[in-house]
A.B. asks: 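One structure, pasted below without further comment.
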Amino acid sequence: MTQREHLGEFEQLVLLAILRLGTDAYGMTIRREIEERADRPTSIGALYLTLERLEEKKFIRSELGDATPERGGRAKRFFTVNASGKAMLRKSLQAVRKMATGYFPIGETL
Amino acid sequence: MTNLARNIRIQVVAIILFVRRIRTYYLPFFVHALRVLVEGVIKLDKKRSERRFEELQSASSNWHQRVAAVMPGLKTLNSVPQNRKSQLLAARSSLLEESKQLQIFAAKLSSHRVSAVSIFVPPLTYLQNKFLIKRAKTESLRRIILGIDSNTFYFELLLWLVTSSGYDEALVGDLKEERVFRSSADGEESADSWYRHQIKATLKDLLWMKIQRLAAIGTLIDLLDRWFRK
């Protein structure tokens, strides 16, 4: 993890969704989690682009699951957040909290 | 669907399959043959080096035996007859000369490097791994071909063309799964509409990303061009 690396807002949301979903984090559940909790409509393509980028940065890792008939015989790709991803997310959220504290009342409850 | 439309679809698929066959069968075969050749050369070189080492060991052991035979006479050189003395001194100088030659041979053997062709192994391994991914992508194309009569055939084909190899299967699988889920919850029409919308949005995002990458490469080429012209 280099000093210059940082997380965008959507990357934060994706990492948080994966952490919340635990062992059931794959494309569609991550997308649903973001849409329901963050109220943010998300295309599956945009989500996969972000997942690919996060995996390239080694913040997450993925492994293939079993193929199911309702998926047209295609396997699910499950995602897990790496230690470096958790550290980066913590750092990124702390930065937002620091910036918001004392300015937005909501910042104090973050 | 008319016969003409179906034939066009079949031709589109045939062209794509032809291009992919070059990348997934002919090129991998060539790379595999090259790797077998490279590994053969490396193995041959290793064997040759092992044989040389054995020769050195045998020569060295022979030299030690001869030294052991001459040593007692050399220790009592002053008490042996002149004839025998000359023989022992000649044997000593011959052994010393041989020792120098053995040292040179050993030095050559220890400084021997693995054949230069071994530098080709990592890139060939990398290419072989790449071809395996390409083969998986071709497999996913076969699944799309199975649905050649589906009303989302072209969308899925476009999606397949623009997604990266590791993720295309998971991406299309996720879309199919959600479509099935929505179809049972909201009805077929709503599920179809959602599916098409998702594919369009995904295509837009992926194509935009590809354009951005191309633009980045273009900028890099432009910068290099300016730098070389200076």
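Reminder, nothing fancy here: chain letters follow the sequence lines and each chain counts from 1. None of the values given here were measured: they were computed from a predicted structure.
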A.B. asks: Evaluate whether atom OH of B:Y154 has more than 12 neighbouring non-hydrogen atoms of other residues, nucleotides or ligands under 6.0 angstrom away.
C.D. replies: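 Atom OH in B:Y154 is crowded, with more than 12 foreign heavy atoms closer than 6.0 Å.
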
A.B. asks: Taking the side chain as every heavy atom from C-beta outward, state whether B:E177 and A:R74 have any pair of such atoms under 4.5 Å apart.
C.D. replies: no

A.B. asks: Give a yes or no on whether a salt bridge exists between A:R31 and B:E178, defined as a side-chain N under 4.0 angstrom from a carboxylate O.
C.D. replies: yes

A.B. asks: Run through B:D174, B:T163, B:T202 and flag the one making a side-chain hydrogen bond (donor to acceptor under 3.5 Å, both in side chains) with A:Y48.
C.D. replies: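 Looking at B:D174, B:T163, B:T202, the match for A:Y48 under the side-chain hydrogen bond (donor to acceptor under 3.5 Å, both in side chains) is B:D174.
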
A.B. asks: Counting only heavy atoms not in B:K130, do more than 12 fall under 6.0 Å of its NZ?
C.D. replies: no

A.B. asks: Could you tell me how the ring of A:F79 sits relative to the ring of B:Y167: parallel (under 30°), tilted (30 to 60°) or perpendicular (over 60°)?
C.D. replies: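 Parallel.
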
A.B. asks: If I take atom OG from residue A:S43 and atom CG from residue B:L206, how far apart are they, to the nearest 0.5 angstrom?
C.D. replies: 7.5 Å

A.B. asks: With a cut-off of 6.0 Å (strictly less than), are more than 12 heavy atoms of other residues, nucleotides or ligands near CG of A:D66?
C.D. replies: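 Not more than 12 within 6.0 Å, no.
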
A.B. asks: Measure A:I44 against the heavy atoms of chain B and call it side chain, backbone, both or neither at under 4.5 Å.
C.D. replies: both

A.B. asks: Drop me the distance from A:M28's CE to B:K176's NZ, to the nearest 0.5 angstrom.
C.D. replies: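 Between atom CE of A:M28 and atom NZ of B:K176 there are 12.0 Å.
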
A.B. asks: Please round to the nearest 0.5 Å and tell me the distance separating atom OG of B:S183 and atom CD of A:E70.
C.D. replies: 12.5 Å

A.B. asks: At a 4.5 Å cut-off on heavy atoms, which part of B:V162 comes close to chain A: side chain, backbone, both, or neither?
C.D. replies: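 Neither part.
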
A.B. asks: Should the heavy atoms of other residues, nucleotides or ligands under 6.0 Å from CD of B:E50 be counted, would the total exceed 12?
C.D. replies: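 Yes, CD of B:E50 has more than 12 neighbouring heavy atoms, counting only those of other groups under 6.0 Å.
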
A.B. asks: Can you name the closest pair of heavy atoms from B:D205 and A:A46 and give their distance?
C.D. replies: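 Result for this residue pair: OD2-CB, 3.4 Å.
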
A.B. asks: Crowded around A:E56 CD? As in, over 12 foreign heavy atoms under 6.0 Å?
C.D. replies: yes

A.B. asks: Which bit of B:I144 comes within less than 4.5 Å of chain A, counting heavy atoms only: side chain, backbone, both or neither?
C.D. replies: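 Backbone plus side chain of B:I144, per the 4.5 Å heavy-atom cut-off to chain A.
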
A.B. asks: Treating B:E169 as the side-chain partner and A:A75 as the backbone partner, does any N or O pair qualify as donor plus acceptor under 3.5 Å?
C.D. replies: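 Side chain of B:E169 to backbone of A:A75: no pair is present.
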
A.B. asks: Tell me whether A:F10 at atom CZ has more than 12 heavy atoms from other residues, nucleotides or ligands lying less than 6.0 Å away.
C.D. replies: yes

A.B. asks: Ignoring hydrogens, what is the shortest heavy-atom contact between A:R77 and B:A170? Give both atom names and the distance.
C.D. replies: CB-CB, 3.6 Å

A.B. asks: Measure distances from A:T68 to the heavy atoms of chain B and classify the residue's part below 4.5 Å as side chain, backbone, both or neither.
C.D. replies: neither

A.B. asks: Step through the shown structure and confirm whether more than 12 heavy atoms of other residues, nucleotides or ligands are within 6.0 Å of CG on A:D39.
C.D. replies: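 At most 12 heavy atoms, drawn from other residues, nucleotides or ligands, come within 6.0 Å of this atom.
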
A.B. asks: Taking B:Q198, B:R179, B:K200, B:H197 one by one, which has the highest count of heavy-atom pairs under 4.5 Å against chain A?
C.D. replies: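 Max contact count across the listed options: B:Q198.
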
A.B. asks: Tell me, yes or no, whether the heavy-atom count around A:R40 atom CZ, taken from other residues, nucleotides or ligands under 6.0 Å, exceeds 12.
C.D. replies: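 Atom CZ in A:R40 is crowded, with more than 12 foreign heavy atoms closer than 6.0 Å.
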
